[in-house]
K.L.:
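Quick one: the structure is below, and I'll ask about it shortly.
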Amino acid sequence: MNPLIKSFCQSRTYMRSLFLLKRLLHISKPEISTFPSILKSCSSLPSLDAAFVNHGYLIKSGGFGCCGNVGNDLLWMYVKHEEFRDAYKVFEEMPIRCSGVVFDSIIHWLRLNRTYEDVVIAFEKMVKFCVFPSVQSLCHVIRAYSDLNSIERGHFVHDYVKQNGFDDHALIMNLLISMYVKMGRLDLAQQVFDKVIHKDIVSWNSLITGYAQNRNWPKVFYLFLCLRQAENLVPNVVTFLALLSSAGHSREVGIGMSIHGYLICMGLYLDVQLGTAIFDMYAKCERLDYAQIVFEKDLINKTLVSWNALIATYKQKGYSQEAADVYERIVMEPNVKPDSFSFANVLPAYANLGNIQRIKSIHCVIIKRALGMEGDVVLATAMLDAYGKCSDVKASELLFACIHHPNTATWNALISVYNLNNQIENGMIIFREMVRHKVLLDPITMVTLFQSCGQMGSLKQGNMIHGFSLLKGFYSHLIVGNALIDMYMRCGCTKGAEVFFHSMPAENIVTWNTMIYGYMKVGCFSAGLRLFHQMQSEKEYIPDSVTIVSLLQGSLAISASYVELFHAFILKLGLASETLVMNTLIDSFAKIGIIEKARALFTQNDFKKDQSSWNIMIAGYGLNGQGTKSSKLFAQMQENGYVPDSITFTSLLSSCSHCGLIEDGCKFFDLMITKYKIQPTMEHWTCIIDMLGRANGLEEAYDVIRSGIYQNSSKCVPLDSIAVWGALLSACRTNMNMKVGELAGQKLSKMKSDCLYHSLLSNLYSSNKKWDEATDIRRVFGDGKVMKKPGLSSLKS
DNA sequence: GATTAATGTG
């Protein structure tokens, strides 16, 4: 019967041959030589049913499987039916060669439906079978290798290209250049480039973009000069994009401008992509004036990239609201859909604005659109940071755990989140993990760590990190030096700060501000003032808003008349339109008791009021015993469209606590928890406990906290938390209640909040002039030094 | 063959 089946196949009467096979199966076992014909019949039939039946039979009869030509034909059959999934299954089981055409089809399917790894595995198997791929297939394979990011495996395909005579093929060689660029191996990319005999513009562009991506700007500009000497080659859009990006990143506005001029001559400046790149170059070079002209006049058809670049520029310059506005504008545009670049740019802006709702909604969009945050480190880092800045540490931690390949920035961001949320110990744990995982440390890591040490007030840790940064060669970075000074100042070690300050290889206004701010913080007012004069006379720095804010905050401890003096300074320096400066000035007037002056400044319209202006004024009224005015202003603030935040309630509660408005205070506290869903912080609890203490004494507050939960109409808040015990300890300090304070301290020490416990308890002891006890605590925890009432000693000198 | 992104000092 076997020859008969074959002849039916040859005469293309496929149904008949299959019918015969069915009969044959009832009587005896068919010969294996029959199957190629059968499978060919199946390939040509419209339905797959017969194919499945026959494949199943082949599997059942054991030995046949995917051997020899049968396997090959089986593969063909599935490829013809475009059933690549099954084809791939057969392929995986095949012990010997198959045809190149079939293979190309499989590579094509794998590329569209599976991972790069699968493409690479298939290719390596193909090489083992000695099957030749088409050039097109080989291109796909090299792209897959690029995405695998494994240098050993990259060499495999490179060797294959060399051994099989593909190395005079420009397309293949260009892809190899790109592959090495993607792997960050510019040395190897350069080697391939040098070997290309007939270089085309793509070869040059691949290498130039490679150097641009790896931030080797001089090489980019050098290669461009070489390119212009090469015959018959004209740089194109891709070349200029790389050049403009390099000019922007390296702040080479001169180079950027000449490229701009060149493009105008060539008539290319109206190209959207180039226009966006020109805008971005000027923005990065701090030439916002030129950038604005390009954006408004030349960029007629703006793309999503143009808008993203604008968001990035606003965000970088600190204009968070403007960045958010642009984002909201593109969300409304019918034909534009924000992408991961838009999100990564706008998230820090929303984080600065404290707009957690927007952050959450962007998170939802990312999930809905399946943008795969786990694989996009930059986007995930921005999201992690945004949650952390809005105090959702849990969300940040969860995100961190999900990210497939966290990089240095991700780790840095996590430490920074812990710093922001007073969980310094956790940050230190993360740093140790970083070292253990051999994560590359960068200057920002050092800055973040100095911040941790400064916040802890631990000179011991600070010295350690200082030594560490010397060892790793980070100390010459300006931002690291500035952070180091800040750390020493926050630890109360003015000597350490001064020594480093005088030995710095480079400095800027931030350095001077940090010194001044530090002196003010520890109460060395005269030393700060001396530097303030010195920076103007010797260095010709013009004091900026930060300088003035530092001086204002320090002057409070000294004399009220200084506030008036600095007010005059602010007017002279033209800083009266700066929100931060005016907020501090209002705060200062309120604190020295000149509430009328504070009110007058607050109501004038010479500066843009923000949320914290309102918060400051609410607290200011409270400080001056005008608690009812605080409540009125609170209502007025909401009428002006502001949603009260955590600090608003801190201001309100402290106002009530100051003015003895206990009932109002409790009402605001309930409102905060139930309506605004704000988690009470230690500051809130401090006010509440202070009020409780005033009414019935801190002993009773202690009993209330120990007994469990704070209850109101709809919400239960557990009281047995670090924040609440910390608040009790704080309240004990202001009320000089050692007995309850020590009880609270014991409680905290059991809750593993070493940092908070130590600093609060040592403050309690210092306030009660129990220096020895305070020193003991600091010795166990940190540097063993205790600042005796900051400022007093330095005032005398 | 390609442009735009995240973490940080006062």
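The structure presented is a predicted model; accordingly, all values stated were derived computationally and were not measured. Values below: every heavy atom of this structure, side chains too, minus hydrogens, waters and symmetry copies. Each chain gets a letter, A, B and so on, in the order the sequences are listed, and its residues count up from 1.
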K.L.:
Under 4.0 Å between any heavy atoms, over every strand shown, what does A/Ser550 touch: base, sugar-phosphate, or nothing? Just pick one.
P.N.:
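Counting heavy atoms under 4.0 Å across all strands, no contact is made by A/Ser550.
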K.L.:
Measure from the side-chain heavy atoms of A/Val305 and tell me the nearest of B/dA2, B/dT4, B/dG8.
P.N.:
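Of the options given, the side chain of A/Val305 lies nearest B/dT4.
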K.L.:
Need one value for A/Thr381: base, sugar-phosphate or nothing, where a base atom within 4.0 Å counts as base even if backbone is also close, heavy atoms only.
P.N.:
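Base contact.
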K.L.:
Give A/His477 one of three labels, base, sugar-phosphate or nothing, depending on what nucleic acid heavy atoms sit under 4.0 Å from its own.
P.N.:
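No contact.
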K.L.:
Report the distance from atom CH2 of A/Trp512 to atom C1' of B/dG10, rounded to the nearest whole Å.
P.N.:
14 Å
K.L.:
Nearest of B/dT7, B/dG1, B/dG8 to any side-chain atom of A/Ser206?
P.N.:
B/dG1
K.L.:
Please pick, from B/dA5, B/dT9, B/dT7, the nucleotide with the shortest atom-to-atom distance to any side-chain atom of A/Asp376.
P.N.:
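Nearest nucleotide to the side chain: B/dA5.
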K.L.:
A/Gln451 side chain N/O closer than 4.0 Å to the phosphate oxygens (OP1, OP2) of B/dG8?
P.N.:
no
K.L.:
Does the side-chain hydrogen bond (donor to acceptor under 3.5 Å, both in side chains) test come out yes or no for A/Glu397 and A/Tyr418, once each step is laid out?
P.N.:
CA-CA 10 Å; A/Glu397 287 169 340; A/Tyr418 283 130; 2.5 Å; yes
K.L.:
Taking CD from A/Gln273 and C1' from B/dG1, how many angstroms apart are they, rounded to a whole number?
P.N.:
12 Å
K.L.:
A/Lys284 side chain: which of B/dG1, B/dG10, B/dA5 is closest?
P.N.:
B/dA5
K.L.:
Side chain of A/His249: nearest nucleotide among B/dA5, B/dA2, B/dG8?
P.N.:
B/dA5
K.L.:
Answer with base, sugar-phosphate or nothing: what part of the nucleic acid does A/Val447 contact at a heavy-atom distance below 4.0 Å?
P.N.:
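Counting heavy atoms under 4.0 Å across all strands, the contact made by A/Val447 is with sugar-phosphate only.
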K.L.:
In whole Å, I'd like the distance from the CG atom of A/Leu233 to the C1' atom of B/dG1.
P.N.:
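Going from CG in A/Leu233 over to C1' in B/dG1 covers 14 Å.
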K.L.:
How is A/Asn345 classified with respect to the nucleic acid when contacts are heavy atoms under 4.0 Å: base, sugar-phosphate, or nothing?
P.N.:
sugar-phosphate
K.L.:
Side-chain N or O of A/Ser416 less than 4.0 angstrom from OP1 or OP2 on B/dT7?
P.N.:
no
K.L.:
Please check if any side-chain donor atom of A/Ser306 sits under 3.5 Å from a side-chain acceptor atom of A/Thr303, or the reverse.
P.N.:
yes
K.L.:
For A/Pro443, answer base if it contacts any base atom (sugar-phosphate contacts may also be present), sugar-phosphate if it contacts only those atoms, and nothing otherwise; contact means non-hydrogen atoms under 4.0 Å.
P.N.:
nothing
K.L.:
If you check every side-chain atom of A/Phe341, which of B/dA5, B/dG10, B/dT7 has the closest atom?
P.N.:
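Taking heavy atoms from C-beta onward, the closest nucleotide is B/dA5.
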K.L.:
Return no unless some side-chain N or O of A/Gln213 is found under 4.0 Å from OP1 or OP2 of B/dT3.
P.N.:
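Yes, within the criterion.
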K.L.:
Under 4.0 Å, counting only non-hydrogen atoms across every strand here, what does A/Glu507 touch: a base, just sugar-phosphate, or nothing?
P.N.:
nothing
K.L.:
Side chains of A/Tyr519 and A/Glu498: any donor to acceptor distance under 3.5 Å?
P.N.:
yes
K.L.:
Could you check whether A/Lys302 makes a cation-pi contact with A/Phe295, meaning its NZ or CZ is under 6.0 Å from the centre of the six-membered ring and within 45° of the ring axis?
P.N.:
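Geometry flag: set, cation within 6.0 Å and 45°.
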K.L.:
Starting the side chain at C-beta, find the nucleotide from B/dA5, B/dA2, B/dG1 nearest to A/Val378.
P.N.:
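Closest nucleotide among those given: B/dA5.
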K.L.:
Tell me the interatomic distance from A/Leu414, atom CG, to B/dG8, atom C1', rounded to whole angstroms.
P.N.:
15 Å
K.L.:
Looking only at side-chain atoms of A/Lys389, point me to the closest of B/dA2, B/dG8, B/dG1.
P.N.:
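Per side-chain heavy atoms of A/Lys389, the pick is B/dG8.
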K.L.:
With a 4.0 Å cut-off on heavy atoms, is A/Tyr517 in touch with a base, just the backbone sugar-phosphate, or nothing at all?
P.N.:
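Sugar-phosphate: the residue A/Tyr517, judged by heavy atoms under 4.0 Å, touches backbone atoms but no base.
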K.L.:
Indicate, yes or no, whether a donor-acceptor pair under 3.5 Å links the base of B/dG10 to the side chain of A/Asp544.
P.N.:
yes
K.L.:
Rounded to the nearest Å, what distance is computed from the CG atom of residue A/Leu175 to the P atom of nucleotide B/dG1?
P.N.:
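Checked: the CG to P distance equals 5 Å.
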K.L.:
Answer with yes or no whether A/Asn236 presents, from its side chain, a donor or acceptor under 3.5 Å of a partner atom in the base of B/dG1.
P.N.:
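Pair found.
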K.L.:
For the side chain of A/Asp385, starting at C-beta, report the closest nucleotide among B/dA2, B/dG10, B/dG8.
P.N.:
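Selected nucleotide (nearest to the side chain): B/dG8.
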K.L.:
List the residues meeting side-chain contact (heavy atoms from CB on, under 4.5 Å) with A/Asp339, not counting sequence neighbours, and say none if there are none.
P.N.:
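Expected list: A/Leu304, A/Asn308, A/Phe341, A/Ser342.
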K.L.:
What integer distance in Å separates A/Leu449:CG from B/dT9:C1'?
P.N.:
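Interatomic distance, CG of A/Leu449 to C1' of B/dT9: 13 Å.
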K.L.:
Restricting to salt bridge (Lys or Arg N to Asp or Glu O under 4.0 Å), what partner residues turn up for A/Glu578, sequence neighbours left out?
P.N.:
none
K.L.:
Whole Å only: how far is the CG atom of A/Leu484 from the P atom of B/dG10?
P.N.:
13 Å
K.L.:
Regarding A/Asp325 and A/Arg329, does a basic nitrogen lie under 4.0 Å from an acidic carboxylate oxygen?
P.N.:
no
K.L.:
Answer yes or no: does a side-chain N or O of A/Arg490 lie under 4.0 Å from OP1 or OP2 of B/dT9?
P.N.:
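No, because none of the side-chain N or O atoms of A/Arg490 sits under 4.0 Å from OP1 or OP2 of B/dT9.
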K.L.:
Can you check the A/Ile172 CD1 to B/dG1 P distance for me, whole Å?
P.N.:
11 Å
